[in-house]
Amino acid sequence: MNASRASTRSTLYAALLALLVAGPIAGCKKKSGDAGSGSGTAATAGSAETKPPAPSGSIALLLPESQTARYEAADRPFFEAKFKELCPGIEIKYSNANQVAADQQQQAESAIAVGVKVMVLDPVDGDSAGVIVNTAKAKNIPVISYDRLIKGGSTPDYYVSFDNERVGKLQAEALLAKLTADGVAKPRITMINGSPTDNNATLFKQGAHSVFDGKVTIVKEDAAANWKPEEAQQLMEQFISALGKDGFDAAYQANDGTAGGAIAAMKAAGIDPKKRPTTGQDAELAGIQRILAGEQYVTVYKRIQPQAEATAALACALFKGEKPDPTLVNGKVNNGTADIPSILLTPIAVTLDGAGDTESIADSVVKDKFYGPDSAAQICKGYEAACTAANIK
Ligand code: BGC
């Protein structure tokens, strides 16, 4: 890992930490802590101090799908825990749309109908979700565009995500470096991108192409509708039958779920995935275990906890009608309608041994205990020898 990246990252963590403890957010905490205490200082003792009413009301958290582990395993629990800590007593109305945009639309409409005061929305379809934002904002409900950018002629109040073009660059750079190290002169790469309705998928693809174009031959490229692993598996089957078993050197897959599908297709066709370096994203447990087994080359690790906690802090401040400190926002992203104040975190490429600009499994997800306190044990179950070799304990 290079020094400038480390310092960018630590600056961002410092900013996020500040976000979680500073001014308006701390106010969120303070008021609820004061509720019911009734104690006044000498200066206020004589005044007609009234107890603040017990906090009440609700917000909505709308996540897009559950086939990818992160949403139920990390985004939701980290968001809920931080929001409850900062804004106790406020209900979180949670829905998961399972990648069906029409269901998400209904879930959002019900949340608006019951009077939520803030909406955190990770859209299935970034364009059609513009309608949800416009409906919410007509009722003065602020909206945070979570992880995926909401477009469609709308102006969400905030956007909290990662540098998603960088995700695609990291995937492609790691793959290219591996192919170069393996002496593959003119690499032939298959590409399976993410859902075309997800703006992130567009950015991952752009980032990857910015590295690949002119250096490799993209022998096949398509998109897995709704990020479905089984769709990726079918696409890879089609690629293999069109190209032949030896018709590609490596596989670009936008995330770990679709990498799992593509690798299953390789195995079914009698191709050894160890000989076809494959990319992924999310540092899912299954993806990390495939890396340990040598079946997947790289994943991109995104720390979900700071992302979810920063969002919870924003949501709490907005619930209280406070304007979060603008200096806590570290960027702006144009969604086609306006520049949306944004918090953007830094993704990290992870390989078995931390080759080149990547980090090792031991130095990233294991060190961070990404899957909980027993992360190493979870990763190593069934992969004991590979873990010992990779210094994972
Ligand atoms: C997220 C990825 C995830 C994908 C599928 C993207 O918007 O950023 O982390 O793998 O959606 O849910």
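Please read these numbers as outputs of a predicted model, since none were measured by experiment. Both counts, for ligands and for their atoms, begin at 1 and track the order of listing.
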Worksheet item: Heavy-atom contacts under 4.0 Å between Gln67 and ligand 1: side chain, backbone, both, or neither?
Response: neither
Worksheet item: Should you measure from each heavy atom of Glu65, which atoms of ligand 1 turn up under 4.0 Å away?
Response: 5 (C), 12 (O)
Worksheet item: Any chance the side chains of Gln296 and Asp256 put a donor and an acceptor closer than 3.5 Å?
Response: yes
Practice prompt. Name the closest protein heavy atom to atom 6 (C) of ligand 1, giving the residue it belongs to and the distance to 0.1 Å.
Written response: Asp198 OD2, 3.2 Å
Discussion item. Suppose we screen for side chain to side chain donor-acceptor pair (under 3.5 Å). Which residues come up paired with Asp213, at least two apart in sequence or across chains?
Written reply: His209
Worksheet item: Can you find a side-chain donor-acceptor pair between Trp227 and Asn255 that sits under 3.5 Å?
Response: no
Discussion item. Within the 4.0 Å heavy-atom shell around Lys302, which atoms of ligand 1 are there?
Written reply: 1 (C), 2 (C), 8 (O), 9 (O)
Item to complete: If you have a sec, work out which protein heavy atom is nearest atom 11 (O) of ligand 1 and how many Å separate them, to one decimal?
Response: Arg148 NH2, 3.0 Å
Discussion item. Give me the residue, atom name and distance of the protein heavy atom closest to atom 4 (C) of ligand 1.
Written reply: Trp227 CE2, 3.5 Å
Worksheet item: Which atoms of ligand 1 sit under 4.0 Å from any heavy atom of Arg70?
Response: 1 (C), 2 (C), 8 (O), 9 (O)
Discussion item. Salt bridge check, Lys367 against Glu359: does any charged N sit closer than 4.0 Å to a carboxylate O?
Written reply: no
Fill in: Backbone N/O of Thr197 and side chain of Arg148: donor-acceptor pair under 3.5 Å
no
Worksheet item: Using a heavy-atom cut-off of under 4.0 Å, does the side chain or the backbone of Tyr71 touch ligand 1, or both, or neither?
Response: side chain
Item to complete: Classify the side-chain pair Asn226/Glu231 by whether it contains a donor and acceptor separated by less than 3.5 Å.
Response: no
Fill in: Test item: side-chain donor near acceptor, Gln238 and Gln234, under 3.5 Å
no
Practice prompt. Have a look at ligand 1 and work out which part of Asp147, if any, has a heavy atom under 4.0 Å from it: side chain, backbone, both or neither.
Written response: side chain
Item to complete: Check each of Val124, Asp282, Thr68, Thr258 against atom 10 (O) of ligand 1 and report the one with the nearest heavy atom.
Response: Asp282
Worksheet item: Any ring-ring contact (aromatic ring centres under 6.0 Å, His included) pairs touching residues 115-155, not counting sequence neighbours?
Response: none
Discussion item. Polar contacts were defined as any N/O atom of the residue lying under 3.5 Å from an N/O atom of the ligand; does this apply to Asn164 and ligand 1?
Written reply: no
